[in-house]
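What follows is one structure encoded as structure tokens, with my remarks underneath.
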Amino acid sequence: MNKLNQHVSRNKNLQETTKEIFKDYNCDHIYTHSFNVAKLAKELAEINNLDIEAAFTAGLLHDISGIIPNNKRISIAEDMNIPILVEERKFPLIIHQKISEVIANKIFNVNNKQVLSAIGCHTTLKVKSSKFDNILFVADKIEWDQAGSPPYLEKILESIDISIYHGSYAYINFLMNQKDQLKVVHPWLLEAYGDLTYKIGKDTNENNLKTLM
């Protein structure tokens with residue numbers, strides 16, 4: 001973490017700083033992904049009348065813990081006093097969202113609660129997620145970090161035309177339809193799924209009532 005502190009103390013803008021950090025750790029591909037997520041999050045924030053600069057910051061920092069090797073993430077999380085769930089111990093990749101939140105706060109001095117919240121749940125989402133949480137979540141899924149186009153892309157793009165919450169639901173529903181193939185099913189993901197199912201159903205019913213009035 002000392003390298004991180006050195007980079008941040010140079011007082012360059014956040015985009016340059018994150019680019020340097022990922023390059024220093026041979027993680028240029030994570031910077032490319034993060035920058036793309038940041039740009040899309042900014043666009044989605046503008047559409048949804050939210051803070052575009054905060055969205056850009058969240059995008060740049062959401063995977064900052066990607067510089068930590070997977071086999072060290074649990075020990076790092078323990079050192080940071082991060083609560084670790086059973087599913088995260090089984091599949092340490094998932095805990096990177098929580099580590100990124102702490103790094104954003106403690107090293108990059110990000111104090112914006114909506115930015116920290118979104119970073120901390122960008123992989124799994126969570127119950128009672130805010131619109132800002134969902135913007136980063138959806139941006140991360142659209143600008144995924146693998147080759148080719150994600151298999152759920154078309155459905156998400158159709159769904160965000162309704163609302164950002166519909167976009168999140170489309171992705172999680174895709175996962176739930178093949179949950180037997182997942183390494184673990186994170187409890188936050190399940191809670192978010194139930195929450196979004198209720199919210200979308202409620203919104204649909206309210207809209208139907210409005211058309212009848």
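This chain uses plain numbering: 1 for the first residue, then up along the sequence.
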Check this for me, if you would: do K106 and E101 make a salt bridge, where the nitrogen-to-carboxylate-oxygen distance has to be below 4.0 angstrom? no
Salt-bridge contact E143-K39 (side-chain N to carboxylate O under 4.0 Å): no
Any chance you could lay out the side chain to side chain contact (heavy atoms under 4.5 Å, CB included) test for H29 and D145, step after step, and finish with the verdict? CA-CA 8 Å; H29 61 290; D145 54 1; over 6 Å; no
Stepwise side chain to side chain contact (heavy atoms under 4.5 Å, CB included) test for L125 and L189: CA-CA 6 Å; L125 207 57; L189 187 75; 5.6 Å; no
For A139 and L40, work out which heavy atoms get closest and say how close. CA-CD2, 3.8 Å
Would you name the heavy atoms of V138 and G167 that are closest together and state the gap between them? CG2-C, 3.9 Å
Residues passing the salt bridge (charged side-chain N to carboxylate O under 4.0 Å, His left out) test with E53, sequence neighbours excluded, are K42
Do any pairs count as a ring-ring contact (aromatic ring centres under 6.0 Å, His included) and have a residue in residues 78-103, sequence neighbours left out, and if so which ones? H96-H122
Which residues share a side chain to side chain donor-acceptor pair (under 3.5 Å) with T18, sequence neighbours left out: none
Who are the side chain to side chain donor-acceptor pair (under 3.5 Å) partners of S129, not counting sequence neighbours? N134
Test item: D63 side-chain N/O and S34 main-chain N/O as donor-acceptor pair under 3.5 Å: no
Begin from the C-alpha positions of S100 and Q97 and carry the test side chain to side chain contact (heavy atoms under 4.5 Å, CB included) through to its verdict. CA-CA 5 Å; S100 287; Q97 61 182 3; 5.8 Å; no
Is the F35 ring parallel, tilted or perpendicular to the Y31 ring (thresholds 30°, 60°)? parallel
Holding to ring pair (Phe, Tyr, Trp, His ring centres under 6.0 Å), I want the full list of residues that pass it with Y169, two or more places apart in sequence or in another chain. Y193
Report yes if the side chains of T123 and F137 come closer than 4.5 Å at any heavy-atom pair, otherwise no. no
Look up atom CD1 in I142 and atom OG in S149, then write down how far apart they are to the nearest 0.5 Å. 11.5 Å
Tell me the salt bridge (Lys or Arg N to Asp or Glu O under 4.0 Å) pairs involving residues 162-188, sequence neighbours left out? none
